[in-house]
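Okay, structure first, notes after.
Ligands are counted one by one from 1 in listed order, and the atoms in each one are counted from 1 as well.
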Amino acid sequence: MKPFAKWTDAHGMMAEPDNMIVRKISDMASAYSDQAKVQELLAAGDPVVYEMLEASVPSVAGELAFCTTTMRPGLVGDEYFMTKGHYHEDETTAEIYYTISGSGILLAETENNDHCCLEMKKGSIIHVEPGWAHRTYNTGDEPLVFLAVYPATAGHNYKKIEQGGFSHTVTKGENGPTVVENARR
Ligand code: PAN
Ligand code: ZN
């Protein structure tokens, strides 16, 4: 494969991606604490929460996969719109998140419940250590757009999160985004 370029549009989203994944509330209903609000949103048309636009690279050692994610602003009860979240299947793999626009929080945690939160806003570069599950929240009023770069062999383990959940979550508090214990656990 030869070196290649991808471009982003005025919103920072990858133009001409090789693959697009759209996630709606129904794709991650169990992630949210307020299940009554989830039902309301499903009845109101099942809104899109985020879109991932991916470049295709071979899944072999040495290759780097990359994609842009665009998260819509929104709340489910007092919990911000979030990504499904995952561990990498290969838990020796790290990842870089570069925020292009909007504002949010990246929540990361390990299997022994160590957790940390990092602010995402235009220009922030986050390094996610190997072995840390990660999930992002859009805490602003605009789309949150970011680029993620990770080893093409990393793989995504969503099951562990669906079964165990994260120990914490991010809600809209009186003084802004607040990290609280996750009632889904
Ligand atoms: C990101 C995420 C993306 C969507 O590219 O895959 O933001 O989140 P979910 O994959 O949890 O639905 C990444 O971390 N890749 O490894
Ligand atoms: Zn990842």
Single hit among Y158, F81, Y50 for side chain to side chain contact (heavy atoms under 4.5 Å, CB included) with M28
Y50

Assess whether side chain to side chain contact (heavy atoms under 4.5 Å, CB included) is satisfied between C117 and I105, documenting all intermediate values.
CA-CA 6 Å; C117 289; I105 286 179; 4.0 Å; yes

Closest heavy-atom pair, S56 versus M1, reported as atoms and distance to 0.1 Å, is O-CE, 3.7 Å

Would you say H88 contacts ligand 1, with heavy atoms under 4.0 Å as the rule?
yes

Relative to the heavy atoms of K84, which atoms of ligand 1 are at a distance of less than 4.0 Å?
11 (O), 12 (O)

How about H156 and Y150: are their ring centroids closer than 6.0 Å?
yes

Before signing off on this row, confirm whether G85 and ligand 1 have an N or O atom pair separated by under 3.5 Å.
yes

Applying a strict 4.0 Å limit to heavy atoms, is C67 in contact with ligand 1?
yes

Has H86 got an N, O or S atom lying less than 2.8 Å from the Zn ion (ligand 2)?
yes

Proximity to ligand 1 by part of E95, non-hydrogen separation under 4.0 Å
side chain

Atom 12 (O) of ligand 1 [closest protein heavy-atom partner, distance rounded to 0.1 Å]:
Y50 OH, 2.5 Å

Below 3.5 angstrom, do we get any N/O pair linking T136 and ligand 1?
no

Should Y32 and L41 be marked as a side chain to side chain contact (heavy atoms under 4.5 Å, CB included) after you check the CA-CA gap, both sets of side-chain angles, and the distance that decides it?
CA-CA 12 Å; Y32 293 96; L41 285 169; over 6 Å; no

My understanding is that we take every heavy atom of each candidate and find the minimum distance to atom 1 (C) of ligand 1. Doing that for Y87, F146, Y150, Y97, which one comes out nearest?
Y97

Check the orientation of F146 and Y97. Use parallel for under 30°, tilted for 30 to 60°, and perpendicular for over 60°.
parallel

Numbered in order shown, the ligand 1 atoms found under 4.0 Å of a heavy atom of T69 are 3 (C), 7 (O)

Taken to the nearest 0.5 Å, the spacing of N157 CG from E162 CD works out to 9.0 Å

Is the cationic atom of R135 (NZ for Lys, CZ for Arg) positioned less than 6.0 Å from the six-membered ring centroid of Y80 and within 45 degrees of its normal?
no

Which of the numbered atoms in ligand 1 are below 4.0 angstrom from a heavy atom of Y158?
9 (P), 10 (O), 11 (O), 12 (O)

Have a look at E95 and say which of its N, O or S atoms is nearest the Zn ion (ligand 2).
OE1

Just to confirm my output: which protein heavy-atom neighbour is closest to atom 2 (C) of ligand 1, and how far is it?
H86 CE1, 3.7 Å

When you check the gap from the basic side-chain N to the acidic O, do E51 and R23 get nearer than 4.0 Å?
no

Salt-bridge criterion met for E119 and K121 (N-O under 4.0 Å)
yes

Contact atoms of ligand 1, heavy-atom distance to H134 under 4.0 Å
14 (O)

Proximal ligand 1 atoms for R23, defined as those under 4.0 Å from one of its heavy atoms
10 (O), 12 (O)

Can you tell me which residue and heavy atom of the protein come closest to atom 8 (O) of ligand 1, and the distance to 0.1 Å?
T83 CB, 3.6 Å

Interatomic distance, CG@L106 vs SG@C116, rounded to 0.5 Å, equals 7.5 Å

May I ask you to list the atoms of ligand 1 that are less than 4.0 angstrom from any heavy atom of A148?
1 (C), 5 (O)

